[in-house]
Chemist: 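One structure, pasted below without further comment.
Note that the coordinates shown come from a computational prediction; the quantities given were computed from them, not determined experimentally. Atom set for the values below is all heavy atoms of this structure, side chains included, hydrogens, waters and symmetry mates excluded. Order of listing sets the numbers, starting from 1, for every ligand and every atom in it.
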Amino acid sequence: MNEVLSWTTAPVLVIGAGIMGAGIAQVAAQAGHPVFLFDLREGASSKAKQQLEMTLSGLVAKGRLSEEAAKQTVGRITAIASLEEAGSALLAVEAIVENLEAKRTLLRQLEELLPSHAILATNTSSISVTAIANGLRHPERVVGMHFFNPVPLMKLVEVVHGLQTQQQVAETIFELAKGWGKVPVHAKSTPGFIVNRIARPFYAEALAILQEQGAQPHEIDACLVAAGFRMGPCALMDLIGHDTNFAVTQSVYAANFFDKRFVPSIVQKELVDGGLLGRKAGRGFYTYGPDGAAVPPLSAVETRPVVVSRDVVVHGSGLQADWLANAVVAATGGNVTRAPSSVTVGLVAGDFELVMTDGRCAWEISSAHPERHVAVFDRFNPRLVEHGRPLPLAYTAATAEGAENARSWLAALGFHPVFMKDSPGLVVARTIAMLANEAADAVTHGVCDEFGADSAMKLGVNYPAGPFEWVRQWNGDLLSSCAGIAQVLDCLDAYYRGERYRVSPWIRERAAGAQPPLRKDAR
Ligand code: NAI
């Protein structure tokens, strides 16, 4: 601990005064470190310092920062024109161009200039920390310190361990990041680390649904926002830029030796090839004007009052089934009979069956009950339901009457039904099952532990819950939750074939009743 304390005022060298480097310099200076800021481009570090001064003055003017704190922060930063001026630095954080050779060359140079116990950290978002350290005299002092953009606001820091990173070095950076007001999470140096790996299905499943004409971008976005995500995947890809998002997907795909799990999408490639890069280009999935995106509204839904000719039976147990039973009573005033032993959640009213997706398509369910009109709706979070929330709904072409019933029923229950192609897991269940599965694989591969994955996804990309929180909420207890997720993935696998939807051993084991103890430190 003493050793950690001695780091809290250690001089820090930040190399690269671009978007990330400027932010890293700011948080280090705000935490009390003297900071040297260097950039290869002449004048870039001085300009970044001036820019920071202006930003902090703005915060002072708004009363969000004291004049003294702003002055001290800026005063701690020295823009330097040559690396030699930073010879006393005990921590170097590089945020230069994302290129392996450039980073290796820089770190070799730093090895000569800085004290032998200085830590060399890299903010790389996609290059192996092990590879960056290769060839150095002391690769054990190289560690990833992966910040998120914008650095002053985003809490997450992935502390990335290369194969040769010394544990003490990683722990020092972990504690230091905490002192900088961040939430650090340990990660193993593997493609995409935690966030960029686990987040891939959020984009990939939306792109797959688009490719097969399952739903429109604004429909997918509306349904995932209704499920609690701050932004839908299409709007988010537009914001990130399709070129950047596509490059990360390609890099994770290639780095995993072309594992089909991570295969990029031709839908996105077309956008990139056409220069429709998203918000920055004025057009991506949506068209952007001075007032923001032109997002088409969801289609209006015509419904008729639901006719309750006899008792409604609500199937299944758990949060959603309970919510459904109450909502049916509220909507119809009629009687509800419960069938809690049913493995699916849904309702049966006469010859009409409305089922919450368990991965099976409506046509598969209706083949078991040919006498019924069957429709499938997506998973929903009962805690988030408020009137008019969009919810995907699918039915088979053979049951058009069922569709009308489904639309009216869903509207009566308070949702805005969004019709989409009849496919496994619709939008929400499919996306969340895949995110949980990728997180489970990351843990299986020792990239991070469950807690790390949850923190990283909530703090790095603002997910409304962590993937393991979703796992635990899916069906109440861990065994049936994992069984439920595995079923959605198995249905996707049976439908599409290929490696993409293979179930993680972490999920499979627990679905079978094996409950290995949680590992607190999976590195
Ligand atoms: P940027 O292009 O805004 O800034 C990079 C800066 O480094 C430029 O000012 C450039 O002149 C300077 N530079 C390039 N080579 C140099 C060298 N050899 N020595 C000194 N300075 C050099 O890039 P950005 O976005 O700040 O990214 C920097 C690093 O951070 C990259 O490794 C990137 O992958 C990573 N990163 C970026 C994130 C983002 O959202 N932009 C998020 C997390 C990590």
Chemist: Tell me the closest heavy-atom pair linking L459 and M154, and the distance in Å.
Modeler: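 Closest approach of L459 to M154: O-CE, 3.3 Å.
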Chemist: Please state which option from Q109, E158, M20 has its nearest heavy atom closest to atom 27 (O) of ligand 1.
Modeler: M20
Chemist: Hey, is S125 touching ligand 1 through its side chain, its backbone, both or neither, going by heavy atoms under 4.0 Å?
Modeler: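 Both parts.
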Chemist: Which protein heavy atom lies closest to atom 28 (C) of ligand 1, and at what distance to 0.1 Å?
Modeler: A95 O, 3.2 Å
Chemist: Keeping the roles fixed (side chain from E94, backbone from K103), state whether a donor-acceptor pair exists under 3.5 Å.
Modeler: no
Chemist: Would you say F38 has any N or O atom under 3.5 Å from an N or O of ligand 1, going by distance alone?
Modeler: no
Chemist: Looking at side-chain heavy atoms only, is the closest gap between F193 and V447 below 4.5 Å?
Modeler: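 A side-chain contact under 4.5 Å is absent here.
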Chemist: Which of the numbered atoms in ligand 1 are below 4.0 angstrom from a heavy atom of E98?
Modeler: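 Listed by number with element, the hits are 31 (C), 32 (O), 33 (C), 34 (O).
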Chemist: How far apart are the closest heavy atoms of H138 and E111, and which atoms are they?
Modeler: N-OE2, 2.7 Å
Chemist: Does the side chain of N196 come within less than 4.5 Å of R200's, by heavy atoms?
Modeler: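 Yes; the side chains approach each other to less than 4.5 Å.
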Chemist: Decide whether an N or O pair under 3.5 Å exists between T124 and ligand 1.
Modeler: no
Chemist: Atom 21 (N) of ligand 1: which protein heavy atom is closest, and how many Å away?
Modeler: L40 N, 3.2 Å
Chemist: Once you restrict to heavy atoms under 4.0 Å, what part of F148 touches ligand 1? Side chain, backbone, both or neither.
Modeler: neither
Chemist: Do the side chains of R472 and E469 get close enough for a salt bridge, i.e. N-O under 4.0 angstrom?
Modeler: no
Chemist: Strictly less than 4.0 Å: does any protein heavy-atom distance to atom 4 (O) of ligand 1 fall in that range?
Modeler: yes
Chemist: Is the shortest side-chain N to carboxylate O distance from D273 to K269 below 4.0 Å?
Modeler: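 Counted as a salt bridge, because a side-chain N and a carboxylate O are separated by less than 4.0 Å.
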Chemist: So which protein heavy atom does atom 30 (O) of ligand 1 come closest to, and at what separation?
Modeler: N123 ND2, 3.0 Å
Chemist: Please check atom 23 (O) of ligand 1 for a protein heavy-atom neighbour under 4.0 Å.
Modeler: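 So atom 23 (O) of ligand 1 lacks protein heavy-atom neighbours under 4.0 Å.
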Chemist: Does a side-chain N-to-carboxylate-O contact under 4.0 Å join R261 and D441?
Modeler: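 So R261 pairs with D441 through a salt bridge.
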Chemist: Kindly give the heavy-atom pair with the smallest separation between V74 and K49, and that separation in Å.
Modeler: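 V74 and K49 have their closest heavy atoms at O-CE, 3.4 Å.
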Chemist: Pull out every atom of ligand 1 sitting under 4.0 Å from any heavy atom of I15, numbered as shown with elements.
Modeler: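 Every atom of ligand 1 under 4.0 Å from some heavy atom of I15: 20 (C).
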Chemist: Testing the basics here: between F285 and M237, what is the closest heavy-atom pair and its distance to 0.1 Å?
Modeler: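 That closest heavy-atom pairing would be CE1-CE, 4.0 Å.
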Chemist: Who's closest to atom 10 (C) of ligand 1 heavy-atom-wise, of I24, D39, V248?
Modeler: D39
Chemist: What is the closest protein heavy atom to atom 1 (P) of ligand 1, and at what distance does it sit?
Modeler: G18 CA, 4.0 Å
Chemist: Please work out which of I96, I19, T122, V195 has its closest non-hydrogen atom nearest to atom 17 (C) of ligand 1.
Modeler: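 Going through I96, I19, T122, V195 one by one, I96 has the nearest heavy atom to atom 17 (C) of ligand 1.
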Chemist: Considering only non-hydrogen protein atoms, determine which one is nearest to atom 14 (C) of ligand 1 and report residue, atom name and distance to 0.1 Å.
Modeler: V97 N, 3.7 Å
Chemist: Quick check: does any side chain N or O of E219 sit under 3.5 Å from a backbone N or O of M420, one acting as donor and the other as acceptor?
Modeler: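 No: the side chain of E219 does not pair with the backbone of M420.
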Chemist: Would you mind running through ligand 1 and noting each atom that sits below 4.0 Å from a heavy atom of H146?
Modeler: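 Those qualifying, in numeric order: 43 (C), 44 (C).
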